[in-house]
There are 2 protein chains.
Amino acid sequence: MPHATVRDIAREAAVSVATVSRALNGHSNVRAEVREHIEAVALRLGYVPHAAARHLSSAKSGMIGVVVPDLHGEFFSELLRGMDREASERGLYCMMMVMHGDAQRGVAALHAMRGRVDGLVVMAPQVSADELLVHLPRGMPAVLVNCAPGQSGRTELRIDNVAGASALVEHLIATGRRQLVHIAGPVGNIDADERLRGAQDACARAGISLRVLPGDFKEPSGAAAAATLIEEGAAFDAIFAANDMMAIGAMMVLKRAGVAVPDQVAICGFDDIPLTRLISPSLTSASIDIASFGASAVARLVKAIAGDDDGGVEQRVPIVMVRESTGPRLHASTDHNFSNVHNEKPDKSGIGELP
Amino acid sequence: MPHATVRDIAREAAVSVATVSRALNGHSNVRAEVREHIEAVALRLGYVPHAAARHLSSAKSGMIGVVVPDLHGEFFSELLRGMDREASERGLYCMMMVMHGDAQRGVAALHAMRGRVDGLVVMAPQVSADELLVHLPRGMPAVLVNCAPGQSGRTELRIDNVAGASALVEHLIATGRRQLVHIAGPVGNIDADERLRGAQDACARAGISLRVLPGDFKEPSGAAAAATLIEEGAAFDAIFAANDMMAIGAMMVLKRAGVAVPDQVAICGFDDIPLTRLISPSLTSASIDIASFGASAVARLVKAIAGDDDGGVEQRVPIVMVRESTGPRLHASTDHNFSNVHNEKPDKSGIGELP
DNA sequence: GTTCTTGATGTAACCGGTTACATGATCCAG
DNA sequence: CTGGATCATGTAACCGGTTACATCAAGAAC
């Protein structure tokens, strides 16, 4: 026996399909007695509405789509979590689609969203946003997250990577480091590029040089960079990795090589994934509260779908979370006082909530 | 201007909608010359098919749904990653829905899937599977992952938690531990219950006692359990936490309290999330290769959708990954030789691929 | 040359909802 | 008692695809 439809209910309840639809959707113009009867019949028949049919006729799906470049590590799981939370609070559902770095696949993913979602959150730090957005289904509301700044005039959410990276580097310098190394993210990635620039800017202002090693945002590349430094016997006293995973990879290699962190070398990352607090020494990072960032994107999208979004660009300035990996040395407790630097005190369990 | 439809293309190309549909779907019975013309027109009009309409008429959506209980931590992101990989290899898309532990919401999520997906992967270790499955849309193929064993006769994937937990405890005993503590998972959770039972069984066989502390699979509860032990001044030399996150929480507290791991206390977890290798000391765990587990679930689901699935239960036996947190002591290198125990050698970067 | 087969194409129904509009009943004012 | 407003309900079109079936032309077989 196939699934029950509104017509089945109509027949069974001896009313028309229109009345069934109105009753089940809570329209006011249905007699209470009729509504109850219809609801009872629907329950008895095990009726569950067919989302595609409803979507087709009402042009609403109650679903928002999320396009992400990757699915590795905690960054995306946190982002997803924040988005899902916000969406479900508004009675919406999330579907996620991965465009594995590939522009071809990105276009396919965008196309596949047509007829499935009411709007899109697109995160595409790799490919050119403008190039991708040409393929956005016509009239599909979208919020861009961490995309290359385009002239699309679309709603955008962005992390102030330059400010965050500068603040981290200034923190390193303030704690006495002078021989800085930056492990960069993948070339062409907007976040990576901006973080590099922020680091360079801060170094230039302080009049010190910065060595840059390549990386790809994944942990092994951070490890490889550190291994290179050690093999070379390079002189360095601080590493700023363009994200947390690379910082962790680097830290592991240093520790195995007997380099003391932070006594000999300070290390910091970027993103402030939950993991930063779980490793030892805990990792200094630039915090953007990923989950809340994702929630924000969804909130903006909901406004855009409703038609009342200003279409502006929202920029988040990260906060530096100072932890053990660059922690103040014992004999100099307050050697830094930058505006957006937050000194996190380890509590007993070491799991402090971020402000 | 609204989106182009097949009828627009038909008009523009001076053919019928049936021909347009056939041409764009690669049916053989279309003249090559006509097909090319139609494709050209479709491209010119920026045609993108409407998924809901296609789904409605063809009863296929090309989408599989994933229902998970939660979205915290690396376990689910790994699972998602594996599923997504497998699905996209088969030209399918994944949508994920979170039922926040709540049975009410679980039912809503299941209903919301009707008319959206061709099949479901349901992971519901908390609620009674049978109770939930009553609300599965009629005729919807589904694969159950880590659900309480039901008599549903459905396709199920399951982790052999008892065997995994037993193997871990046997490993602890073999390395000389005698005062064991188990940090349990949430009560009513099938995985947690089975892991507890596996630990108890192994202890009973060895004739030693097992202290059990409550937990909830989240990291703070592991920390709290360890704190309790320390405050009490309890005598113990090994902790087996029901999952990795709690093990990590416990380890952090022990280290802060000056307890040496593994010299004084050995610690192991369960799940083998990527993080186990990144902390120090690296964490011994029972590995089920989460991503591949997820991929397997999708593969089974695809078979079920095609109609040729045996409907059997597939059980995965975890492998014990021995790492530093329970590592062999220096003076007794091979004090264990259980069948499914795998001794992981740390390589230079510390990021060995699992077999 | 006629009939049969084959293959390309068109017509229209259908999937399962929603909703504009029509209908008819009820109620109230005049 | 009657005309108009109000409200519940029914009829049927529509959303945008797919596809069974009908049609028709061209080539093959006799």
Side-chain angles (χ1 to χ4, degrees), chain A residues 1-38 41-42 45-63 111-116 118 137-140, chain B residues 1-38 42 45-63 111-118 137-140:
Chain A
M1 173 184 50
H3 231 289
T5 73
V6 280
R7 288 172 227 273
D8 296 328
I9 298 177
R11 189 177 344 102
E12 195 78 6
V15 294
S16 73
V17 290
T19 303
V20 172
S21 178
R22 283 188 287 251
L24 296 180
N25 286 302
H27 290 206
S28 60
N29 50 352
V30 179
R31 251 194 318 156
E33 166 188 324
V34 173
R35 155 172 293 128
E36 283 164 24
H37 180 216
I38 289 174
V41 171
L45 297 186
Y47 173 73
V48 178
H50 192 286
R54 179 177 288 195
H55 183 13
L56 186 58
S57 56
S58 70
K60 291 254 155 284
S61 69
M63 179 109 100
H111 281 182
M113 290 294 195
R114 157 140 157 99
R116 278 196 230 271
D118 296 334
R138 239 199 293 290
M140 170 90 68
Chain B
M1 171 185 53
H3 232 289
T5 71
V6 280
R7 288 172 227 273
D8 295 329
I9 298 176
R11 190 176 344 101
E12 195 77 6
V15 294
S16 72
V17 289
T19 303
V20 171
S21 178
R22 284 187 285 251
L24 296 181
N25 286 301
H27 291 207
S28 59
N29 49 352
V30 179
R31 249 193 321 155
E33 164 189 326
V34 173
R35 153 172 295 128
E36 281 164 24
H37 181 216
I38 289 174
L45 296 185
Y47 171 73
V48 179
H50 192 287
R54 178 177 288 195
H55 183 12
L56 187 57
S57 56
S58 70
K60 292 252 153 285
S61 69
M63 180 111 101
H111 282 181
M113 291 294 196
R114 158 139 156 99
R116 276 196 231 271
V117 302
D118 296 333
R138 238 200 293 290
M140 170 89 71

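Within every chain, numbering begins at 1; the chains are lettered A, B, ... in the order of the sequence lines, protein sequences first and strands thereafter.
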Across the strands shown, which category fits Arg35(A) at heavy-atom distances under 4.0 angstrom: base, sugar-phosphate, nothing? nothing

Ile9(B) and side-chain contact (heavy atoms from CB on, under 4.5 Å): which partner among Val15(B), Leu24(B), Val17(B), Thr19(B)? Leu24(B)

Determine whether His55(B) and Arg116(A) make a side-chain contact, defined as any pair of heavy atoms from C-beta on separated by less than 4.5 Å. no

Pick the nucleotide of DNA chain C nearest each of Ser57(B) and Val15(B); which residue has the one closer to the 5' end? Val15(B)

Whole angstrom value for the distance that separates C1' of dC14(C) from CZ of Arg7(B): 11 Å

Look at the side chain of Ala18(A) and decide which nucleotide, out of dT18(D), dG16(C), dT11(D), has an atom nearest to it. dT11(D)

For the atom pair CZ (Arg114(B)) and CZ (Arg54(A)), what is the distance rounded to the nearest 0.5 Å? 11.0 Å

Gap between atoms NE2 and P, on His50(B) and dG16(C) respectively (whole Å): 17 Å

Could you check how far NE2 of His55(B) sits from C1' of dT18(D), rounded to whole Å? 14 Å

When the nearest nucleotide of DNA chain C is assigned to Ala4(A) and to Ser28(B) on a heavy-atom basis, which residue is associated with the more 5' position? Ser28(B)

For a side chain to side chain contact (heavy atoms under 4.5 Å, CB included) check, start with the C-alpha distance between Asp8(A) and Thr5(A), then their side-chain angles and the critical distance, and finish with the verdict. CA-CA 5 Å; Asp8(A) 296 328; Thr5(A) 73; 3.5 Å; yes

Would you mind reading off the distance between His37(B) atom NE2 and dT9(C) atom C1', rounded to a whole angstrom? 15 Å

Rounded to whole Å, the CG-C1' distance (Leu56(A) to dT18(D)) equals 12 Å

Using only side-chain N and O atoms of Arg11(B), determine if any of them is under 4.0 Å from OP1 or OP2 of dG10(C). no

Could you state the atom-to-atom distance from NE2 of His27(B) to C1' of dT19(D) in whole Å? 9 Å

Side chains of Val6(A) and Tyr47(A): does their closest heavy-atom pair fall under 4.5 Å? yes

Spacing of CZ belonging to Arg11(B) relative to CG belonging to Leu45(B), to within rounding of 0.5 Å: 9.0 Å

With a cut-off of less than 4.0 Å, is there a side-chain N or O of Arg114(B) near OP1 or OP2 of dG17(C)? yes

Any N or O donor-acceptor pair under 3.5 Å from the base of dG16(D) to the side chain of Arg54(B)? no

Would you indicate what Val17(B) reaches in the nucleic acid, counting non-hydrogen atoms under 4.0 angstrom: base, sugar-phosphate, or nothing? base

I'd like to know if Arg31(B) reaches the base of dG7(C) with its side chain such that a donor and an acceptor end up less than 3.5 angstrom apart. no

Looking at every strand, decide which applies to Val30(B) at a 4.0 Å heavy-atom threshold: base, sugar-phosphate, or nothing. sugar-phosphate

Are any of Ser21(A)'s side-chain N or O atoms less than 4.0 Å away from OP1 or OP2 of dT18(C)? yes

Measure from CG on Asn29(A) to C1' on dC21(C) and round the result to the nearest Å. 13 Å

Looking at the side chain of Asn25(A), which of dG16(D), dG10(C), dT18(C) is the nearest nucleotide? dT18(C)

Contacts of Ser16(A) and Val20(B) projected onto DNA chain D by closest heavy atom; the upstream (5') one is Ser16(A)

Can you tell me how far C1' of dG17(C) sits from CD1 of Ile9(A), to the nearest Å? 11 Å

Candidates dG10(C), dG17(D), dT19(D) - which lies nearest the side chain of Ala53(B): dG17(D)

side-chain N/O Thr19(B) vs dG10(C) OP1/OP2, d < 4.0 Å: yes

Counting just side-chain N and O atoms, does Tyr47(B) come under 4.0 Å of either OP1 or OP2 of dG17(D)? yes

Does the dG10(D) base have a donor-acceptor partner in the side chain of Arg22(A) within less than 3.5 Å? yes

